[in-house]
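These notes are about the structure you will find just below.
Just the heavy atoms: all of them, side chains too, but no hydrogens, waters or symmetry mates, feed the values below. We number each residue from 1, following the sequence as shown. Quantities reported herein were computed from a predicted structural model and do not represent experimental measurements.
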Amino acid sequence: MANIEQDRWSRVKGRLRSSVGEDVYSSWFARMDLESVQPESVHLSVPTRFLKSWIQTHYSDKVLTCWQAEMPEVHRIDLTVRTAMRCAAPVKEAPAPVEQRRDDGRPAPELRATAIAPVSASHDALGGSPLDPRLTFGSFVIGRSNTLAHAAARQVAEGRRGDAVMFNPLYIHAGVGLGKTHLLQAVTWAGNSGTERKVLYLTAEKFMYGFVAALKTQTALAFKEALRGIDVLVIDDLQFLQGKTTQAEFCHTLNALIDAGRQVVIAADRPPSDLESLDERVRSRLAGGLVVEMASLGEELRLGILKSRVLAARAHHASFDVPAPVLDYLARTITHNGRDLEGAINRLLAHSKLNAQPVTLEMAEREVRDLIRPQEPKRIKIEDIQRVVARQYNVSRSDLLSSRRTANVVRPRQVAMYLAKTLTLRSLPEIGRRFGGRDHTTVLHAVRKIEALVAKDVALSDEVELLKRQLQE
């Protein structure tokens with residue numbers, strides 16, 4: 001009877017391979033085993049919870065159909081996760097061809113390790129993205145705009161394996177050059193300083209590269225399991241994550257790590273709700289952790305960064321000095337981001353050393369003039385628009401998001417939608433979603449309606465301009 005069951009199982013696997021293709025079969029079904037066959041059900045097993053969840057979600061009907069082609073009386077597939085004791089037991093069944101290629105003759109419990117090893121060797125993504133040795137907690141300058149982000153990152157870095165995770169994921173967002181990457185790399189350096197935990201730092205591009213490379217070499221399953229073995233996964237520049245397949249894999253990795261109590265740290269240039277290219281489920285999971293914004297650098301913090309960069313430069317150039325008036329000038333006029341501040345110090349250092357001249361205010365004004373950018377307009381959020389409009393028209397924000405059609409709510413809602421379209425870069429569908437899940441055609445109608453009224457109604461035009469000034473101040 002056992003041989004009959006195994007023959008059937010081999011034919012079922014052959015049907016699966018033909019149905020889903022070699023790549024998919026190798027990733028999801030090559031390590032599925034037959035446990036038993038009952039009159040109306042079949043019991044199968046896989047080595048990990050993630051595999052079980054994925055197959056049940058995406059391929060349960062296909063597996064059942066392939067079995068029913070062999071045994072029409074089968075109406076249910078039971079899928080379980082093999083325990084360590086079950087895996088350690090001698091395997092009597094003859095492995096399928098793909099399994100023979102994967103098996104190296106060692107006991108079953110070591111399959112996970114042997115599967116990960118070739119992936120680690122062939123995919124440098126699992127070695128992480130390059131780290132800058134200068135980007136540590138010791139060189140991070142703390143100010144009002146980044147205190148919470150720094151404290152949260154520090155808490156993650158100081159955690160130990162087995163500790164309860166306080167917030168997961170930790171999501172840090174900020175504009176360019178405000179310290180996101182510095183904090184994430186500091187977490188990685190600190191976390192890997194001992195041997196207890198494995199912290200992996202990846203840019204979103206590196207994550208995409210690693211996943212695509214694993215697909216091409218038919219080692220996707222091992223790549224995924226290797227990622228799920230990380231204690232702390234750090235992903236930088238999430239806004240660059242592209243491709244439905246890659247995003248889906250990121251979502252599953254995120255869920256698997258969080259569900260297993262592993263820490264995830266993510267940085268992007270905008271909050272989760274504004275990552276329109278990502279699936280709604282991913283955005284929701286990201287927003288469920290601790291979301292921290294690193295605001296623009298205040299003048300006091302800019303001065304602190306400049307002083308720290310001068311001290312760092314002195315470690316290699318002992319005679320380098322920047323007078324206090326020059327530092328004050330740089331802190332006051334270079335307001336864009338921290339990278340411009342570092343660039344200014346590098347220019348002064350180069351000019352001073354190459355020309356053998358001391359740093360003066362006149363030299364600084366000349367050398368950094370292209371770094372002094374006009375003040376950027378305030379970044380306005382849809383939530384700010386809703387709050388200001390609701391206050392102006394004496395309605396609540398929930399009224400603006402509701403389905404109420406009374407005149408005292410419809411007009412403020414249309415004004416808010418109009419301002420969202422003219423003062424932000426959000427698309428019509430995104431604006432509609434942020435106004436109670438409305439269709440983009442509703443937003444377009446509101447925008448055109450207010451545009452037409454503003455052109456002929458002076459009072460409304462003045463109201464709209466007042467609202468714009470309040471939002472931009």
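Remark: side-chain polar atoms of Lys180 are paired, donor with acceptor, to backbone N or O of Ala174 under 3.5 angstrom. Remark: side-chain polar atoms of Asp237 are not paired, donor with acceptor, to backbone N or O of Phe240 under 3.5 angstrom. No donor-acceptor pair under 3.5 Å is formed between the side chain of Asn168 and the backbone N or O of Gly261. A donor-acceptor pair under 3.5 Å links the side-chain atoms of Arg369 to the main chain of Arg366, judged by distance alone. At least one donor-acceptor pair under 3.5 Å links the side chain of Ser139 to the backbone N or O of Arg134. For Arg262 (side chain) and Ile230 (main-chain N/O), a donor-acceptor pair under 3.5 Å exists by modelled atom type. For the pair Gln239 (side chain) and Asp269 (backbone), a donor-acceptor distance under 3.5 Å is present. Of the possible donor and acceptor atoms, one in the side chain of Gln247 sits under 3.5 Å from a partner among the backbone N and O of Leu241. Checked by atom type and distance alone, the side chain of Arg391 never pairs as donor or acceptor with a backbone atom of Val388 at under 3.5 Å. A donor-acceptor distance shorter than 3.5 angstrom exists from the side chain of Thr422 to the backbone of Tyr418, with no hydrogens or angles considered.
Atom CG of residue Leu257 and atom NE2 of residue His252 lie 13.0 Å apart, to the nearest 0.5 angstrom. Taken to the nearest 0.5 Å, the CD atom of Gln155 stands 9.5 Å off from the CG atom of Leu290. Annotation: the span from Lys198 atom NZ to Thr188 atom OG1 amounts to 9.5 Å, rounded to 0.5 Å. Remark: Ile380 CD1 to Leu471 CG distance equals 5.0 Å, nearest 0.5 Å. Atoms CG and CD, on Leu460 and Gln414 in that order, are 10.0 Å from each other to the nearest 0.5 Å. For the atom pair CG (Leu361) and CG (Asp328), the distance works out to 10.0 Å, reported to the nearest 0.5 Å.
For the 3.5 Å distance criterion, the side chains of Gln185 and Asp132 fail to qualify, holding no donor opposite an acceptor. Side chain to side chain, His150 and Asn146 fail the donor-acceptor criterion of an N or O pair below 3.5 Å. No hydrogens or angles considered: a donor-acceptor pair under 3.5 Å links the side chains of Thr181 and Asp236. No side-chain N or O of Thr136 forms a donor-acceptor pair with one of His182 less than 3.5 Å apart. Side chains of Tyr393 and Asn408: a donor-acceptor N/O pair is absent below 3.5 angstrom, by distance only.
For the pair Lys421 and Val447, the tightest heavy-atom approach, listed with the atom from each and the gap, is CB-CG2, 3.8 Å. The two residues Lys353 and Ser319 make their nearest non-hydrogen contact at NZ-OG, 2.7 Å. Nearest heavy-atom pair, Pro412 versus Val395, reported as atom, atom and distance to 0.1 Å: CB-CG2, 4.4 Å. Between Pro323 and Asp321, the shortest heavy-atom contact is CD-O, 3.9 Å. When all heavy atoms of Ser145 and Ser296 are compared, the pair lying nearest together is CB-O, 3.5 Å. Looking at every heavy atom in both residues, His317 comes nearest to Leu349 through CD2-CD2, 3.8 Å.
Put simply, the side chain of Tyr201 does not reach to within 4.5 Å of the side chain of Leu233, judged on heavy atoms. Counting heavy atoms from C-beta on, the side chains of Thr441 and Leu428 never come closer than 4.5 Å. Residues Gln386 and Phe435 meet the side-chain proximity criterion, which asks for heavy atoms closer than 4.5 Å. A heavy-atom distance below 4.5 Å is not found between the side chains of Asp370 and Ile372. Considering only heavy atoms from C-beta on, Ile142 stays 4.5 Å or farther from Phe137 through its side chain. Under the 4.5 Å side-chain criterion, counting only non-hydrogen atoms from C-beta, Leu238 is not in contact with Phe207. Counting heavy atoms from C-beta on, the side chains of Leu327 and Val310 come closer than 4.5 Å. In this structure the side chain of Gln470 reaches within 4.5 angstrom of the side chain of Gln392, judged on heavy atoms.
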Before giving the answer on side chain to side chain contact (heavy atoms under 4.5 Å, CB included), spell out for Thr335 and Arg302 the whole-Å C-alpha distance, their side-chain angles and the decisive distance to 0.1 Å.
-> CA-CA 8 Å; Thr335 60; Arg302 296 198 296 270; 3.5 Å; yes
After noting the C-alpha distance and the side-chain angles of Trp189 and Leu184, does the key distance pass the side chain to side chain contact (heavy atoms under 4.5 Å, CB included) rule?
-> CA-CA 9 Å; Trp189 283 118; Leu184 263 62; over 6 Å; no
Would Phe29 and Tyr59 satisfy ring-ring contact (aromatic ring centres under 6.0 Å, His included), going step by step from the backbone distance to the final call?
-> CA-CA 10 Å; Phe29 299 104; Tyr59 296 107; 5.3 Å; yes
Determine, step by step, whether Leu301 and Val141 satisfy the side chain to side chain contact (heavy atoms under 4.5 Å, CB included) criterion, reporting the C-alpha distance in whole Å, the side-chain angles of both residues, the deciding distance to 0.1 Å, and the verdict.
-> CA-CA 7 Å; Leu301 179 55; Val141 183; 3.6 Å; yes
Where do Ser461 and Glu465 land on the side chain to side chain donor-acceptor pair (under 3.5 Å) test, with the steps shown first?
-> CA-CA 6 Å; Ser461 177; Glu465 287 303 315; 5.3 Å; no
Stepwise side chain to side chain contact (heavy atoms under 4.5 Å, CB included) test for Leu330 and Leu348 = CA-CA 11 Å; Leu330 296 177; Leu348 297 183; 3.9 Å; yes
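When the shell of 6.0 Å around CG of Asn394 is examined, it contains 12 or fewer heavy atoms from other residues, nucleotides or ligands. The neighbour count for Arg144 CZ, taken as heavy atoms of other residues, nucleotides or ligands under 6.0 Å away, does not exceed 12. Annotation for Glu430: atom CD counts as buried by contact number, over 12 foreign heavy atoms lying within 6.0 Å. Within 6.0 Å of the CD atom in Glu158, the count of heavy atoms belonging to other residues, nucleotides or ligands exceeds 12. Within 6.0 Å of CD on Gln357 lie more than 12 heavy atoms contributed by other residues, nucleotides or ligands.
With respect to Arg434 and Glu383, a salt bridge is recorded, a charged nitrogen being found less than 4.0 Å from a carboxylate O. Looking at Lys468 and Glu463, no side-chain N of the basic residue comes within less than 4.0 Å of a carboxylate O on the acidic one, giving no salt bridge. With salt bridges taken as basic N to acidic carboxylate O contacts below 4.0 Å, none links Glu342 and Arg347. Contact check on Asp399 versus Arg413 returns no salt bridge, with no Lys/Arg side-chain nitrogen under 4.0 Å from an Asp/Glu carboxylate oxygen. The pair Arg387-Asp384 meets the salt-bridge criterion, with a side-chain N (NZ, NE, NH1 or NH2) lying under 4.0 Å from an Asp/Glu carboxylate O.
Ring orientation note: the planes of Tyr171 and His173 are tilted relative to one another, at an angle of 30° to 60°.
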